[in-house]
K.L.:
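Structure below; questions to follow.
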Amino acid sequence: MSVLTEYVWLIVAIPLLGFLINGLLGLSSEGYRKQKTLIGSLATVAVFIPFLMAVGIFFSMGADSEAVVVRLFTWIEAGDFTSDIAYRVDQLSILMVLFVTGVGALIHLYSMGYMKDDEGYWKFFAYMNLFIFAMLNLVLANNLLLLFLGWEGVGLCSYLLIGFWYGDMVKSEAGQKAFIYNRVGDFAFLIAMFLVFVSVGSLDFDVIFAGLSQIPGDYVFWIAILMFIGATGKSAQIPLFVWLPDAMAGPTPVSALIHAATMVTSGIYLIARFSGLYVLTPEVMLFVAVIGALTAIVAATIALTQYDIKRVLAYSTVSQLGFMFLALGSGGFIAAMFHVVTHAFFKACLFLGSGSVIHAMHHVEHKLHDKGKDVHFDVQDMRFMGGLREYMPSTYKTFLLSTFAIAGIPIFSGFFSKDEILAMVFNAGLGQYGTVYFFLWGIAVVTAFLTAFYMFRLTLTTFHGSFKLPKLIGAAEGSEKYLHESPVSMTSALWVLAVLAVIGGLMGVPDFFVSTFTGESAHINWLHGWLEGVTHEPPLILSYAVKWTLLALAIVVAVSAVILAYKVYDHDRGVATDAAIAKRFGGLYDLWSDKYNVDEIYETTIINPLVKVSDRVLAVFDIKIIDGFVNFVGAFVRFFGGLFRYFQTGVTQNYAFALVLGVVVVLGMLIFG
Amino acid sequence: MEILNDMLLYLPAIIITVAGLIVMMVDAYTKNATMIYTVSVASLILALAASVYGLFGPTVDIFYGMATTGGTAAFGTALVVAATLFVVVLSREYLTSINHNFAEVYTLILFGTVGMIVLATANDLVTVFMGLETMSIALYVLAGIVRDEKTGIEAALKYFLLGSFATGFFLYGIALLYGATGTTRLADIGLYADAGLIYWAGVGLLLVGFFFKVSVVPFHMWTPDVYEGAPTTITAYMATAAKTAAFVSLILILERALPLAVEQWSGVLVVIAILTMILGNIVAMVQNNVKRMLAYSSIAHAGYVLVGLAAGTAAGYSAVLYYLLAYTLMNIGAFGVVAYYERHKGMQFNSVDQYAGMGYKQPFMAVLLGIFLFSLAGIPPFAGFIGKYQVFAAAIQADLIGLAIVGVLASVAGVYYYLRVLVFLYMKEGTEEIELTQAGFPYRSVLLLLALLTIYFGVLPGGLSELLAGFHQGTLYSGTPLP
């Protein structure tokens, strides 16, 4: 164990310190709030130092290092239950820490530019640091309770940041929606935790992992399924995914950090962490895979129809998370983690790129207002954009690179991770429930096609063709001259992420790239070697021929989707093409663009009945019975309070009299008692 | 040479005594306020260091058995000195703002503190009495230090009259105990299980003396008037340091002098505790004056402390010590913020309606007040919660389940009046136009430190609990009489 590992708690503590400094000073001093450079740098450094420490720990570890548990102190002790504040450093957690702090630091840097003119600048950075603190607790925790603390902590920060501009009712409602949907999942997670405690007697990972074989089958089933339901809340899967698109109401860096790169992947981390439990119950694995695949295709079809660039990316995130769950359900725990990391790179880059675009469009709107033109338009609607590549070259290039990555174009990072997932699903088709898995594999291939297609729809409509705002709104004539590239603090983060999105896949180059030709087993897949010891991934039993065929198929699917998208969307044909697609698919397209009416279904089946019952039954009960009782107690107490107060006459003789009475009582009890 | 060694173990009291004398001289010759303040603070910091050091020292009898060191006594000393230090820092700014920053305040506080240390470390009833009187006389004068306020004078006089009355009982109790047992040394009295009527009368009157000092029902009647009439930071001093010293002394007496009579005195404490918790909380609910509310709240808290004492076990005593720490931190804090609001409008500014809307004027202070009130209400993760949890747990272990239930219910009632203040701070519109100036840096730092400690001991009780539990292991009555 390296010296740095012993100090792993600092990785968690430093962002907390950042939160406290910015939060407390910001709260108490008006002057401090104006020191924006100081606030932003402090917050960024508070994430960057942990990143450096994580790098140091990472290099002191090997693929075969044992997990190190750093126990700080006993947190809770009640009867025979104890829970420590203890952090677990192993290959899985350090991987999570590396990308959480790495991507986190970049997004902090980006936010310094993006949030520059915001009044709540200090609050924003305080919340961001608090989020990193909670997220690191989540991934480093060595017991379920501490993990749950992080789990709830990230949920809280997500709520605070979605509703960051709380003056806008829609935005603060989006925050509440996210929180409530997450609560549903958290409830299931809590029950899973209780079941773990009942069956193992501890929440410590070491004890749980060592005792997995002793847990009765029923318990394994329910724990696995409830944990997964918890994950569907946090990681936005069917049926709880509807909060994530609305969460785009938050500032764009928040969408990039919390709702794309880190928090939403915590469900995947949780299941990968408990892979030993999941492999014991194939039924739950299948369930996870089915939900993942359905979510992937449902979200991808919705993404096809949206015009708000952040919403497209949000549905794309839901869809990619579905992919990851599909991988988990097929036994591809490492494949899922691989996609978590590559997705963090390219999706963070895409979100920050969209932020850069929105920033520019806002600027156009402001400039028009300055010129006395009362023009209002939706700055996130891609139909007003187009041709931005001329004005925003860095944003365009990084966005394009990341789009290649998510589309799965060869050598870009998404290619490797997505291919591995497809291979793992196909592999599962050869085992138990094979037919279902083959079917899911088919869904995954279609989704991969759709992904490449809608992502290029987005990129082409936004950046290619001509700037459409002046054409659609007459008063905005000549407004293209107000378009400008974002400041360096923003574009530099974009470039770093874009490079990672391009080369990130190299950590998981499949072994068969080499072993097919040498005939011996090869170990070029670094990530596999790294995570093998901490996950329980079943072996790939596909032959070389099948592997290469799958690979070729993946390339054909991705490339054909891209070519098709170029054909139909380039040269300002976006809206016309969408209309043509809508015509061809008819009712199906309406279903997509109405987001499968999930919100409406919840409204009529759950929310409205609940409101009615509350209104007509519970409210009455509350007012008449509960409040009545409370008021009665209150009146009773007040009466006695008044009575006692009456004795407090202020006359010293009376006080002395009470004292003597007391003496009589005490002596009486002692002498005659 | 033994006496020199003993004096070394008694260093906190000696440092403060010397400082008190210096302050008196400085006042007589130069009247240099800064110097007086500096000497007071410096001596208290030194004494605090010495008493924390003593916390890890041996538990031995010193001065031929008149006093004791280490363990409970050392913890009491450290707590009293710390409380005094906080109060002195707060008092300077507060008293200056109400134009009563007299040098004698510091002299009296320092000498009063010496009395408290003597009380908290007493191993003989004569020392107990000496400490109690030194402390009380200083407090009588301090209560009336605002000489031009009628309420202040009235408070001081009431306190003095009733205090003398109670002292009479107390002294008589000592005399009777001496008559029954032939000794005033705590451990020697402890050898007697039952020495007849005189013994029980002595025990009863002794307890009454303490009941008066810690203000439990029905010996509490002076408390609201005195706490309201005294300058607010002095009230904080009386409510925390003085009560702590008296309770620590009571623990020493109960565990050393009366271990065999535990059944009897436990019965008395249960009755008094129930009365105190119920009355303290209920009357606090109907108060509109925040300072007076805090006075009743401090009565209620004395009731919770009695719950821990009534258990009569090692767990009960260490729980009480933890409780006293929590109580001291959050109470000085709460009075500190009240004093801060008060100085903008004079001493009459204490009505809860006047607090309306103040939460947004100086958010820092209001947030701190919130922390202290939540802690007083016994809500996690603050120290007050852990303290309450520990005393109630000790009572349940000692089979006093009914008492614990009354305690929990009473503290639920308590939540009402603490949170009521917050409702006014944050949820009501202010009617009066008050410009709040920011408090000075030392003032804010002390309050912040108190809040941080309140949180710290609420989140991480482990280390201190272990230390406190160590004080009582195997040294006292634990269910079976000592041989």
Side-chain angles (χ1 to χ4, degrees), chain A residues 16 20 23-33 71-79 82-85 123 149 630 633-673, chain B residues 154 157-159 161-162 165-166 169 196-197 199-205 207-208 211-212 216-225 261 263-265 267-268 270-272 275 278-287 292 296 362-365 367 413 416 438 444 448 459-463 465:
Chain A
L16 179 67
L20 288 176
L24 287 177
L25 287 180
L27 198 64
S28 56
S29 155
E30 295 264 359
Y32 185 74
R33 290 180 212 170
R71 256 173 243 287
L72 292 189
F73 51 84
T74 304
W75 179 24
I76 295 172
E77 202 173 352
T82 59
S83 192
D84 295 337
I85 298 285
K123 218 190 301 175
L149 179 89
V630 170
V633 172
F636 188 73
V637 167
R638 284 198 158 263
F639 170 72
F640 271 98
L643 200 66
F644 286 132
R645 195 146 70 157
Y646 174 75
F647 289 113
Q648 193 74 32
T649 51
V651 180
T652 316
Q653 292 90 315
N654 296 355
Y655 294 3
F657 180 65
L659 203 155
V660 172
L661 270 185
V663 173
V664 170
V665 171
V666 170
L667 288 185
M669 282 187 70
L670 280 174
I671 294 170
F672 302 108
Chain B
E154 191 188 322
L157 190 63
K158 264 185 198 165
Y159 191 18
L161 285 174
L162 291 168
F165 200 42
F169 284 122
L197 181 66
Y199 174 81
W200 290 118
V203 171
L205 294 178
L207 288 179
V208 165
F211 290 158
F212 179 83
V216 289
V217 179
F219 310 97
H220 69 288
M221 311 277 288
W222 58 276
T223 316
D225 296 359
E263 223 164 281
Q264 287 82 354
W265 57 250
V268 173
V270 168
V271 172
I272 302 277
L275 284 177
I278 292 179
L279 190 126
N281 279 308
I282 287 187
V283 184
M285 282 173 133
V286 291
Q287 301 302 324
R292 215 170 159 87
Y296 279 105
Q362 287 283 337
F364 177 72
M365 282 294 185
V367 167
Y416 167 76
Q438 204 169 39
R444 277 181 294 152
L448 181 64
V459 179
L460 305 172
S465 290

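Chain naming here is simple, since letters A, B, ... match the order of the sequence lines and numbering starts at 1 in each. Basis for what follows: all heavy atoms, side chains included, without hydrogens, waters or symmetry-related copies.
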K.L.:
Quick one: CH2 on B:Trp200 to CG on B:Leu205, what's the gap to the nearest 0.5 Å?
P.N.:
13.5 Å
K.L.:
Select, from B:Gln287, B:Gln362, B:Gln438, B:Glu154, the one with the greatest count of heavy-atom pairs under 4.5 Å involving chain A.
P.N.:
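Heavy-atom pair counts peak at B:Gln287.
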K.L.:
Compare all side-chain heavy atoms of B:Gln264 with those of B:Val203 and state whether any distance is below 4.5 angstrom.
P.N.:
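No, side chains not in contact.
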K.L.:
Quick check on B:Val217 against chain A: is it the side chain, the backbone, both or neither that has a heavy atom closer than 4.5 Å?
P.N.:
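Neither; nothing under 4.5 Å.
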K.L.:
Examine whether an atom of B:Leu460 lies under 4.5 Å from a heavy atom of chain A, and if so say whether it belongs to the side chain, the backbone or both; otherwise answer neither.
P.N.:
side chain
K.L.:
Below 4.5 Å from any heavy atom of chain A, which atoms of B:Tyr416 appear? Answer side chain, backbone, both or neither.
P.N.:
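Side chain only.
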K.L.:
Nearest heavy-atom pair of A:Gly26 and A:Tyr32: which atoms, and what distance?
P.N.:
N-CD2, 3.6 Å
K.L.:
Heavy-atom cut-off 4.5 Å, strictly under: side chain, backbone, both or neither for B:Pro218 against chain A?
P.N.:
both
K.L.:
For residues 654-665 of chain A, please give each side-chain donor-acceptor pair under 3.5 Å, one per line with the distance, not counting sequence neighbours.
P.N.:
residue, atom, partner, partner atom, Å
A:Asn654, ND2, A:Thr649, OG1, 2.9
A:Tyr655, OH, A:Gln648, NE2, 3.1
A:Tyr655, OH, A:Gly650, N, 3.0
A:Tyr655, OH, B:Asp225, OD2, 2.6

K.L.:
Test side chain to side chain contact (heavy atoms under 4.5 Å, CB included) on B:Met221 and B:Leu162 and set out the steps.
P.N.:
CA-CA 9 Å; B:Met221 311 277 288; B:Leu162 291 168; 5.6 Å; no
K.L.:
So which of B:Ala413, B:Gly463, B:Gly204, B:Gly196 has the biggest tally of heavy-atom pairs under 4.5 Å with chain A?
P.N.:
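The residue among B:Ala413, B:Gly463, B:Gly204, B:Gly196 with the greatest pair count is B:Gly204.
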K.L.:
Under the side chain to side chain contact (heavy atoms under 4.5 Å, CB included) rule, what do B:Met365 and B:Arg444 come out as? Steps first, then yes or no, please.
P.N.:
CA-CA 8 Å; B:Met365 282 294 185; B:Arg444 277 181 294 152; 4.0 Å; yes
K.L.:
At a 4.5 Å cut-off on heavy atoms, which part of B:Val268 comes close to chain A: side chain, backbone, both, or neither?
P.N.:
both
K.L.:
At a 4.5 Å cut-off on heavy atoms, which part of A:Phe73 comes close to chain B: side chain, backbone, both, or neither?
P.N.:
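The side chain, not the backbone.
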K.L.:
B:Ile272 versus chain A, heavy atoms under 4.5 Å apart: side chain, backbone, both or neither?
P.N.:
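Contact with chain A involves the side chain of B:Ile272 alone.
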K.L.:
Determine the option with the most heavy-atom pairs under 4.5 angstrom with chain B, choosing from A:Ile85, A:Leu27, A:Ile671.
P.N.:
A:Ile671
K.L.:
Go through the atoms of A:Thr652 and report whether side chain, backbone, both or neither lie under 4.5 Å from a heavy atom of chain B.
P.N.:
both
K.L.:
I'd like to verify something: which residue of B:Phe211, B:Trp265, B:Tyr296 has the highest number of heavy-atom pairs under 4.5 Å with chain A?
P.N.:
B:Tyr296
K.L.:
Test side chain to side chain contact (heavy atoms under 4.5 Å, CB included) on A:Val666 and B:Phe169; report intermediate values, then the result.
P.N.:
CA-CA 12 Å; A:Val666 170; B:Phe169 284 122; over 6 Å; no
K.L.:
Test of understanding: with side chain to side chain donor-acceptor pair (under 3.5 Å), list the residues that count as partners of B:Trp222, not counting sequence neighbours.
P.N.:
none
